[in-house]
There are 2 protein chains.
Amino acid sequence: MTKTKTQAAARTLPLNTILAGDCVEEMRKLPEGSVDLIFADPPYNLQLKGTLHRPDNSMVDAVDDAWDSFASFAAYDAFTESWLAEARRLLKPDGAIWVIGSYHNIFRVGAKMQDAGFWILNDVVWRKANPMPNFRGKRLTNAHETMIWAGKSETSKYTFNYEALKALNEGVQMRSDWVLPICNGGERLKDANGDKAHPTQKPESLLHRVLIGTSNPGDVVLDPFFGTGTTGAVAKMLGRDFIGIEREPSYRKVAEARIATVRRLEKEALQVSTSRRAEPRVPFGQLVERGMLRPGEILTSANGKAAKIRADGTLIADETRGSIHQVGAALEGAPSCNGWTYWHFRRDGKPVPIDVLRQQIRAEMRARPS
Amino acid sequence: MTKTKTQAAARTLPLNTILAGDCVEEMRKLPEGSVDLIFADPPYNLQLKGTLHRPDNSMVDAVDDAWDSFASFAAYDAFTESWLAEARRLLKPDGAIWVIGSYHNIFRVGAKMQDAGFWILNDVVWRKANPMPNFRGKRLTNAHETMIWAGKSETSKYTFNYEALKALNEGVQMRSDWVLPICNGGERLKDANGDKAHPTQKPESLLHRVLIGTSNPGDVVLDPFFGTGTTGAVAKMLGRDFIGIEREPSYRKVAEARIATVRRLEKEALQVSTSRRAEPRVPFGQLVERGMLRPGEILTSANGKAAKIRADGTLIADETRGSIHQVGAALEGAPSCNGWTYWHFRRDGKPVPIDVLRQQIRAEMRARPS
DNA sequence: AGGTGGACTGAATCACTGG
DNA sequence: GCCAGTGATTCAGTCCACC
């Protein structure tokens, strides 16, 4: 996939619209490698209605006259294979997918995802704060649903906004279990009769976390089982582009109206915390070249090790010489060492991490981008 | 299966012993329809690649045992099919099975269970109170494992002690997500060198809940992947009979010694490990995810400072960005600041502390406790 | 005895760039 | 594609040494 090809594909994408029709057929019309993220909430009733397609687009003759669980599972598997194959084709090489389901279907779907070449990154449990109780007292309260997050392939460089999710979780790493309330109250869409417009409307909080954590503003997000458009509504709010596919006219109608009322957030609200990894690289030698540190100067570590700076930006200590990282690692007998935080220089008689100097340079770069 | 036949089978069962050998071969020797409950903790097929270091450069002790290594998904599937088939043969018609796994294997196992005719009753999430963090910040903390609870068939009249589980849960219906600590401390078995005797020992609290909830005293409980015998230890304590199967002599030895020290409980029952009850932590980000506050909205302080909410639950004001506490502290030039009482949003034209919203969420949590 | 601080650990599919 | 170099990254809990 060349850049040109990708851009050409993007121009032809039906962004921010809801495609009417069967998701497999509609996905087949879209160009390969054009989507950043997919969120899929496939049906999981095993009494399947309508036609199902295998990956080769042949029809599956679903058995519904006699209850035959094997035939029913086979039909569901064929359906799963076919939509997963199209979904994977549409993803960019570094794209990723989320699929949500319950114990009725998620195991079959997860196995098919692995078979299709998706690389599972996490399974995430949506723990419902207010689930429906089990009235008959014959089982446990079914209080969660399972989401699978997977990269297109094992080598995909998927998007993961680690710091943003950490910020959402009070400064502690986000876990694989998410406690969020189900969708009810004013958020729950109603039809003209006042009945719920869709049986399994997902809460916007769930999509908020998914999109903040695993996509960036401007990304293309596809939802092949669009329903009443939670994915589209949250995507629009968060400055992502969406493509929805939905077969039922009544759902499409509700979704259109819903999304029309959503306002895109302004740019500033969309920016999220980023990790240091995304900052530009600054070679240590630049500190020497700029005169912030002088050749011959001594750097020290917190535990009393010392090394001398050489004119080419390498260090020398005892018998060891090399980069700030290499010398630090050697002195500590460690496999690796972040020299930026390990080494200190003296300012006003106190040891200061050399990382402070790197931060100075980065601040200058932000003020006067080269 | 007649009653006479069942009783005859029971007489020949190797109760409360550990069978040495491959689980499929050993199960073949046992009579069909003779077991009430199976708990299975099969290899997860983790597929780990290189070594992993913590940020402090210490090495993570990975599961690299030969028994967890499979050539391919197909090989793992074949293994799964074969042990599931024997397990199902051994179950009484009203018997049930528990299988535990992680995202690496549980989807494949669950699908094979359905294919074999097992009827899934619940999937249960073991939410680890103290999981290992994600050290590289590349994924979510893998903080849970999944258990599948299934009847031998759709018509099985499985055992479910509804009231006992409700009692274990402070009078509220037991849910499908269980918060329990991992097995460490004194419960974690060590070998002669002081190293862990088994890489994946399960906590007794987990088996306690499983056996209390889905078996009765006197039942026969089979564990085909016995390991160091957590199932046997808890079964003995709770007055169930167990059959263990384990291939590794070292694990069998540890398990024998362990179970020998267990005393059957008389009546002083049920010491379930309970997690500490503190006021639940509510991340500020959750107010944003739930739509109680919107990204882009302005928060104000009593003394006229202002900040804007970002989509990841951080604030931005002038040049400062960070958590509600960090930004508050920065604006005040203070070492710390309680953002919950410092920041206000507007409701009916009046400033209201955001802590009010946190109280709302906590009230909901109290009304529907975990 | 009681409290404190540091070391250690747990089923983990855990990086990316430039030459 | 491979290799070498840089440098980013952790939470809850237990245990032990030491005041």
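Order of the sequence lines sets the chain letters (A, B, ...), proteins ahead of strands, with each chain counted from 1. On a predicted model such as this, the values are computed, not experimentally measured, just so you know.
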Measure from [atom1] on [X] to [atom2] on [N] and round the result to the nearest Å.
| X | N | atom1 | atom2 | result |
| --- | --- | --- | --- | --- |
| His53(B) | dG10(C) | NE2 | P | 15 Å |
| Asn130(B) | dT14(D) | CG | P | 8 Å |
| Phe284(A) | dG7(D) | CZ | P | 11 Å |
| Ile182(B) | dC8(C) | CD1 | P | 18 Å |
| Lys166(A) | dT10(D) | NZ | C1' | 8 Å |
| Arg188(B) | dT14(D) | CZ | P | 14 Å |

So what does [X] hit on the nucleic acid, given a heavy-atom distance under 4.0 Å: a base, only sugar-phosphate, or nothing?
| X | value |
| --- | --- |
| Gly101(B) | nothing |
| Gln326(A) | sugar-phosphate |
| Ile324(A) | nothing |
| Asn142(B) | sugar-phosphate |
| Arg276(A) | sugar-phosphate |
| Ser336(A) | base |
| Pro283(A) | nothing |
| Ser102(B) | nothing |
| Ser323(A) | sugar-phosphate |
| Pro335(A) | nothing |

Under 4.0 Å between a side-chain N/O of [X] and OP1 or OP2 of [N], yes or no?
| X | N | value |
| --- | --- | --- |
| Lys128(B) | dC11(D) | no |
| Arg358(A) | dA8(D) | yes |
| His325(A) | dG7(D) | yes |
| Asn184(B) | dT9(C) | no |
| Arg136(B) | dA15(C) | yes |
| Tyr158(A) | dC16(C) | no |
| Arg54(B) | dT9(D) | no |

What integer number of Å spans the [atom1] atoms of [N] and [M]?
| N | M | atom1 | answer |
| --- | --- | --- | --- |
| dA7(C) | dT10(D) | C1' | 15 Å |
| dC15(D) | dA11(C) | C1' | 23 Å |
| dA1(C) | dC19(D) | C1' | 12 Å |

Salt bridge [X]-[Y], side-chain N to carboxylate O under 4.0 Å:
| X | Y | result |
| --- | --- | --- |
| Asp36(A) | Lys92(A) | yes |
| Arg175(B) | Asp177(B) | yes |
| Arg366(A) | Glu279(A) | yes |

dA12(C) base to Lys138(B) side chain: any donor-acceptor pair below 3.5 Å?
no
Parallel, tilted or perpendicular, as decided by the 30° and 60° cut-offs, for the rings of Trp98(B) and Trp149(B)
parallel
Ring centres of Tyr158(A) and Trp119(A) under 6.0 Å apart?
no
Before we go on, tell me: are the rings of Trp178(B) and Trp126(B) under 6.0 Å apart, centre to centre?
no
